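Single-structure report; data block below.
Values below: all heavy atoms of this structure, side chains included; hydrogens, waters and symmetry mates excluded. As the structure is a prediction and not an experimental result, all values here were calculated from the model.
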Amino acid sequence: MMDYGRIAIELVIGFFSLFAITQLLGKTQITQITPFDFISALVLGELVGNALYDDEIGVVKILFALGLWGLLIFLLETITQKWRKTRGILEGRPTIVIHKGVINKKELKKSKLDIDQLRHLLRSKGAFSIQEVEYAILETDGTVSVLKKHQYGAPLNKDLNIAYSKVTLPVPVISDGEVLRENLDEYNLSEQWLLNEIKKMGHHTPKEIVFAEWEEGKPVFVMPYSKEDSTIN
């Protein structure tokens, strides 16, 4: 029982320590993973994982190792923000793999990327043929940014002379049968108003609704539970 208790304590402490480190380093560590970030994530995971099954490694040593590694990553992030020249070494540089419609084989080879992999990345951006692409840039996180040739580019609203319309953000107000009160408060909407709106659509309670969202100037969008889901709930 002592071993189980020790593992539980170390796991909880390791979990919250990793969470604190990711909060400290910011969201880019998750959304824009560079090769260095990937290595950092592996090391942090190994530190906690190995500590769980090693009796000689206590809580203090786990915190020390995580704290030191997190500090090193934080220092490197600070360095890349202050000294631009270090970014290419520590984070890598975007690479132009298609230039004016021509594949740059030298850069492609340097990036350890073959034609099939490039086509896969292009398709993920809606370019199903290489001949559609004027420029393609391989980003440091392994994704590709695409600028299509003029004849393949999507028309803009201004190109079609479409009248200006205010851009609004849809706001979730009900999720899994629960009213999202913090979202209502943020936009000065009342729960009673929401209940009245869903009643107009034939729903008596938010528990009948799997998802609902409100957008300024538009009626509330409501997606009720299906009969099968209602039976399960």
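Two residues are said to be in side-chain contact when any heavy atoms from C-beta on lie closer than 4.5 Å; L195 and Q192 meet this criterion. Residues E107 and H99 are not in side-chain contact: their nearest non-hydrogen atoms beyond the backbone lie 4.5 Å or more apart. S129 has its side chain out of reach of L122: every pair of non-hydrogen atoms, C-beta onward, lies at least 4.5 Å apart. Contact check for K110 versus T95: no side-chain heavy atoms found under the 4.5 Å cut-off. Residues E178 and K207 have side chains in contact (heavy-atom distance under 4.5 Å, counting atoms from C-beta outward).
A donor-acceptor contact shorter than 3.5 Å links the side chain of K148 to the backbone of G126. Remark: the backbone N or O of Q131 is paired with a side-chain donor or acceptor of K149 at under 3.5 angstrom. No donor-acceptor pair closer than 3.5 Å links the side chain of T143 to the backbone N or O of E139. Between the side chain of N183 and the main chain of P172, a donor-acceptor pair closer than 3.5 Å is present.
One hydrophobic cluster holds both M223 and Y225 under the rule that ILVMFWY side chains link at heavy-atom gaps under 4.5 Å. In the hydrophobic cluster analysis, where Ile, Leu, Val, Met, Phe, Trp and Tyr join through side-chain heavy atoms closer than 4.5 angstrom, V144 is grouped apart from L147. Under a hydrophobic-cluster definition in which Ile, Leu, Val, Met, Phe, Trp and Tyr are linked whenever side-chain heavy atoms come within less than 4.5 Å, directly or via other members, I137 and V97 are assigned to different clusters. Under a hydrophobic clustering in which Ile, Leu, Val, Met, Phe, Trp and Tyr are joined whenever their side-chain heavy atoms come within less than 4.5 Å, directly or via other members, L138 and I115 fall into the same cluster. In this structure, L169 is not a member of the same hydrophobic cluster as Y164, with clusters built from ILVMFWY side-chain heavy atoms closer than 4.5 Å.
Atom CG in N196 sits 7.5 Å away from atom OG in S190 (nearest 0.5 Å). We find the CG-NE2 distance between D114 and H120 to be 11.0 Å, quoted to the nearest 0.5 Å. For the atom pair CG of L194 and CG of L189, the computed distance is 8.5 Å after rounding to the nearest 0.5 Å. To the nearest 0.5 Å, atoms CD (E213) and CD1 (I174) are separated by 11.5 Å. Between L108 atom CG and K106 atom NZ the span is 13.5 Å, to the nearest 0.5 Å. Expressed to the nearest 0.5 Å, how far CD1 of I96 lies from CG of N104 amounts to 8.0 Å.
Shortest non-hydrogen contact noted between P170 and E215 is CG-OE1, 3.6 Å. Between V210 and P224, the shortest heavy-atom distance links the atoms CG1-O, 3.9 Å. Nearest heavy atom pair, residue V220 against residue M201, reads O-CE, 2.9 Å.
More than 12 heavy atoms of other residues, nucleotides or ligands shown are found within 6.0 angstrom of CZ on R123.
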Point to revise | Step-by-step side-chain contact (heavy atoms from CB on, under 4.5 Å) determination, E134 to K100 | key: CA-CA 5 Å; E134 185 73 8; K100 293 185 177 179; 4.0 Å; yes
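In terms of the side-chain contact (heavy atoms from CB on, under 4.5 Å) criterion, residue partners of S175 (sequence neighbours excluded) are, by chain and number, L180. For Y187, the ring pair (Phe, Tyr, Trp, His ring centres under 6.0 Å) partners two or more places apart in sequence, or in a different chain, are W214.
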